[in-house]
Amino acid sequence: MAVAGGRIVDVSARAPDGAEEVDARGLWVLPGAVDAHVHSRDPGFPEKEDFGSLTAAAAAGGVTTVVDMPNTLPAVDSAPVFEEKVEIASSKALVDFALWGVARSASTAADVHGLLDAGVVGLKVFLGYTLRRSNRQVIYTTDLSDPDLEPAPGYGTLARLAPELAGRGAPLAVHCEDPDVLRAFARPLHSYADVLRSRPTLAEVIAIDALAAISRETGLEAHVVHLSSAAGLDAARRARASGARLCVETCPQYLLLTEADAERLGGVLKMYPPVRAAADRDALLEGLREGVIDRVATDHAPHTDEEKLGASLEETAPGSPGVETLYLSCLELARRMGDPGLAVRWVCEAPARALRLSARKGALRPGADADLVLVDPNAETRVSAEAMHSRQRHGALEGQRFGFAIRAAWSRGEPVARDGEPVGQPGRGRLVIPSPLTGGG
Ligand code: DOR
Ligand code: ZN
């Protein structure tokens, strides 16, 4: 594979004279992964993570593009906030990044088109999460008496904004847990069983059914993120069969873990939606094998040690870091299915295509960015907090063994990781803009 000027120029060539050569004998050369779902916490919560620590972890794990969710502070609800965030990310990022925008209940058509024109990959809706008007922080609360809180976006917000997005060919990603069901089942969290009782799979089903109806009605390309249940998978299957344009994402934690891991992991396993029963895990694996699930992303959601390890289950912040273990976990899962190459589909090709980044990302093709990963298929990696590079090192996949190791990674031809350690200059990472949309803002 020949690389020049940061791009792949040939995939069957001998090195031209004078070229620097990397001997990859015994190793696999794969495209860098595109993690379609991470939470950088930057700007706003540097004690949890920032673009420097996020992308160092990404590079070490062979993720050469991170796509960041908009619940940073202020939430990415307009073009000026987007521009500010791009500037911050560009000053710290080791690998390339793309950004999701947020849809609020108060978002106007002009806000949506402004964000799409600025370069977001699409918009995200946190169903039932409200927003503090004074600082534009996305928060979850059931107490809506505070006048500073904007009404949470619901199906009406989706239905109102869907035609704007559909007209541009841009996706809407939705956190699919129906807020009304969550409110009805809310309870104090004394045990992991309470966590499961408070987030029933019905919440996922109802949200997916509603999203499917909106997609059928408007032509919206809807992304169901972090699918967690067998019942939700069935809803996605029905939605697809009914003509809804649905793209489905799940995460390694839902494919590898079950409620039985709660005893071992404690608050580290707390995340929304939750890791559920073995039957849910098995159904999701089958959905991935069948192709009902398109991609695997991490929902990398770091919090501080105090918020994750030092609190009661009730008080523990939901979310787990995961970007550094995306590639290895998916290679392992794909190998167990009999074809490790499937991992490249789940974490490179599918996300790049769905987010319209495939002109440059997600495949080893002449003309694409030289985002490369060297994988050793004869090594073993055991996930351990000490070896992680996120600011929150304790993740839900702690202790998992994967029969692969990431030996090195390059971003646009430049080294960004070597034997599990990030290398290279923070601030070299750039914004990746999706291919042109239809229509105009
Ligand atoms: O567990 C979660 N953490 N679920 C979400 O939807 C949000 C995320 C976060 O941002 O911490
Ligand atoms: Zn998320």
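For the single chain, residues carry numbers from 1 onward in sequence order. In each ligand, atom 1 is the first atom listed, and ligand 1 is the first ligand listed. Just the heavy atoms: all of them, side chains too, but no hydrogens, waters or symmetry mates, feed the values below.
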Just heavy atoms, cut-off under 4.0 Å: does [X] contact ligand 1 by side chain, backbone, both, or neither?
| X | answer |
| --- | --- |
| Met69 | neither |
| Lys124 | neither |
| Lys270 | neither |

Return the orientation label for the His223 and Trp100 ring planes: parallel under 30°, perpendicular over 60°, tilted otherwise. perpendicular
Could you tell me, atom by atom, which parts of ligand 1 come under 4.0 Å of a heavy atom of [X]?
| X | value |
| --- | --- |
| Asn71 | 10 (O) |
| Gly319 | 1 (O), 3 (N) |
| His303 | 11 (O) |
| Ala301 | 3 (N), 8 (C), 9 (C), 11 (O) |
| His175 | 5 (C), 6 (O) |

Ser358 vs Glu349, side chain to side chain donor-acceptor pair (under 3.5 Å): CA-CA, chis, key distance, verdict: CA-CA 7 Å; Ser358 48; Glu349 292 163 8; over 6 Å; no
Quick one: look up the protein heavy atom nearest atom 3 (N) of ligand 1 and list residue, atom name and how far away it is. Pro318 O, 3.1 Å
For atom 4 (N) of ligand 1, closest protein heavy-atom neighbour: Tyr272 O, 2.7 Å
Presence of N, O or S from His175 under 2.8 Å of the Zn ion (ligand 2): no
May I ask you to check whether His226 brings an N, O or S atom to under 2.8 Å from the Zn ion (ligand 2)? no
Heavy atoms from other residues, nucleotides or ligands near CD of Glu290 exceed 12 (cutoff 6.0 Å): yes
Return yes when atom CZ of Arg356 has more than 12 non-hydrogen atoms of other residues, nucleotides or ligands closer than 6.0 Å, and no otherwise. yes
Looking only at non-hydrogen atoms, which of Lys48, Met271, Arg41 approaches atom 11 (O) of ligand 1 most closely? Arg41
Judged by modelled atom types alone, do [X] and [Y] share a side-chain donor-acceptor pair under 3.5 Å?
| X | Y | answer |
| --- | --- | --- |
| Glu204 | Ser228 | yes |
| His389 | Glu324 | yes |
| Glu315 | Ser312 | no |

Checking side-chain hydrogen bond (donor to acceptor under 3.5 Å, both in side chains) between His226 and each of His37, His175, Glu177, which is the one that passes? His175
Hey, are Asp117 and Arg168 close enough for a salt bridge, meaning a charged N less than 4.0 Å from a carboxylate O? yes
Less than 4.0 Å between a side-chain N and a carboxylate O, is that true for Asp96 and Lys361? yes
Vertex the Zn ion (ligand 2), rays to NE2 in His37 and OD1 in Asp299 - rounded to 10°: 90°
Do any nitrogen or oxygen atoms of Pro273 lie less than 3.5 angstrom from nitrogen or oxygen atoms of ligand 1? no
The Zn ion (ligand 2) has as its nearest N, O or S atom from His39 the atom NE2
